[in-house]
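First up is the structure itself, then whatever we jot down about it.
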Amino acid sequence: MLLELAGVSRWYHTRNQVIHVLNGIDLSIDTGEFVCLLGPSGCGKSTLLKIIAGIEPANRGKVLCRGRPIQGPGRDRAVVFQQPALFPWLNVWDNVAFGLKMQRVPRALRQRIVERYLELAGLSAARRLRTYELSGGMKQRVAIARVLATDPSVVLMDEPFGALDAFTKEQMQDLLRNVWRTTRKTVFFITHDVEEALFLATRVVVLSPRPAVILCDRTCPFSTHGDADGRVVRSSPEFIRMREEIIGLIRGAQAAPF
Ligand SMILES: Nc1ncnc2c1ncn2[C@@H]1O[C@H](COP(=O)(O)OP(=O)(O)O)[C@@H](O)[C@H]1O
Ligand SMILES: [Mg+2]
């Protein structure tokens, strides 16, 4: 098992109260899975990602990566946030090459790897551009290419397309789905967009409102078996049926008096 979370709880002490965020989360993720985490705003999705990233500790429970306790950030768990953090003094090529340089990957190999991920992310023509010359979608593509180039065990993505306009967002979803179909990287992806989750994931996990428990954990066929054309997938009856089911589940949980 690549990632193993068992009985993970997290709470915060504020000045006059304790906020219980995660309440005994059990979640195991295998190599090659694309797990989408859904849940209402403020339920603890980012908190869970930060625990896996090693940016925050769990107050209780077990958090393992390849059988070892996660005690801090590591190169094996790369994070892509909503706002891509690129180096503004470097062009696209050098941004993608940055992690490999840090890892002292030899120049010839580095060039091959950067070429591959620029191509996959549709950035080959943009290689010499500076980050301020890029649109929001292109910046996020650079961030994704940069992370994939270093070949982490798992890519952790926290609403990476949340700040993009609807059209760009759909393009990015198509792109990420194709990249995943090619690389089969393990991805842990947070979103509050049910369609996005179903379109990308091999597995969809839904959290309840705070204190969050797992409401449902389902395998999802559309990223692996679905048509290559995103438009076709999103409008298929099975897709719409599963979308409505999950939306119903989230609505029901929000209405419940916790
Ligand atoms: N450092 C912190 N101190 C106190 N409360 C926090 C802290 N970080 C997060 N929280 C609270 O934990 C809850 C879950 O936050 P978060 O994981 O960001 O939710 P989500 O990503 O699902 O929207 C929120 O109510 C938030 O206010
Ligand atoms: Mg969040």
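Worth knowing before you read on, the calculation uses all heavy atoms, side chains too, and leaves out hydrogens, waters and symmetry mates. Just follow the structure's listing: the first ligand is 1, and inside any ligand the first atom is 1.
Both Leu148 and Ile113 sit in one connected hydrophobic cluster of ILVMFWY residues. Membership requires side-chain heavy atoms under 4.5 Å apart, directly or through other members.
With salt bridges taken as basic N to acidic carboxylate O contacts below 4.0 Å, one links Glu245 and Arg218. A salt bridge is absent between Asp158 and Lys45: the closest approach of a Lys/Arg side-chain nitrogen to an acidic carboxylate oxygen does not fall below 4.0 angstrom. With salt bridges taken as basic N to acidic carboxylate O contacts below 4.0 Å, none links Arg66 and Asp76. Under a 4.0 Å N-O distance rule, the pair Arg128/Asp94 does not qualify as a salt bridge.
The line from CD1 of Ile144 to CG of Leu175 is 7.0 Å long, rounded to the nearest 0.5 Å. Note that CG of Asp30 is 10.0 Å distant from CD of Glu4, once rounded to the nearest 0.5 Å. Between Leu123 atom CG and Leu134 atom CG the span is 8.0 Å, to the nearest 0.5 Å.
Taking each heavy atom of Val179 and Leu120 in turn, the nearest pair found is CG2-O, 3.6 Å.
Listed by number with element, the atoms of ligand 1 under 4.0 angstrom from any heavy atom of Thr47 are 14 (C), 15 (O), 16 (P), 17 (O). Near Arg210, meaning under 4.0 Å from any of its heavy atoms, are these atoms of ligand 1: 13 (C), 24 (C), 25 (O). The atoms of ligand 1 that sit less than 4.0 Å from any heavy atom of Gly44 are 14 (C), 16 (P), 17 (O), 19 (O), 20 (P), 22 (O).
For atom 1 (N) of ligand 1, the nearest non-hydrogen atom of the protein is Tyr12 CE2, 3.6 Å.
Among the atoms of Glu56, none of the N or O lies under 3.5 angstrom from an N or O of ligand 1.
Excluding waters, the count of protein N/O/S atoms less than 2.8 Å from the Mg ion (ligand 2) comes to 1.
At a 4.0 Å cut-off, at least one heavy atom of Gly42 sits close enough to ligand 1 to count as contact.
Of the heavy atoms in Val21, only side-chain atoms (C-beta onward) come closer than 4.0 Å to ligand 1.
Atom 27 (O) of ligand 1 is not flagged as protein-proximal [any protein heavy atom, distance under 4.0 Å].
For the pair Arg177 and Phe34, the cation does not sit on the ring face, since its NZ or CZ is not both under 6.0 Å from the ring centre and inside 45° of the axis.
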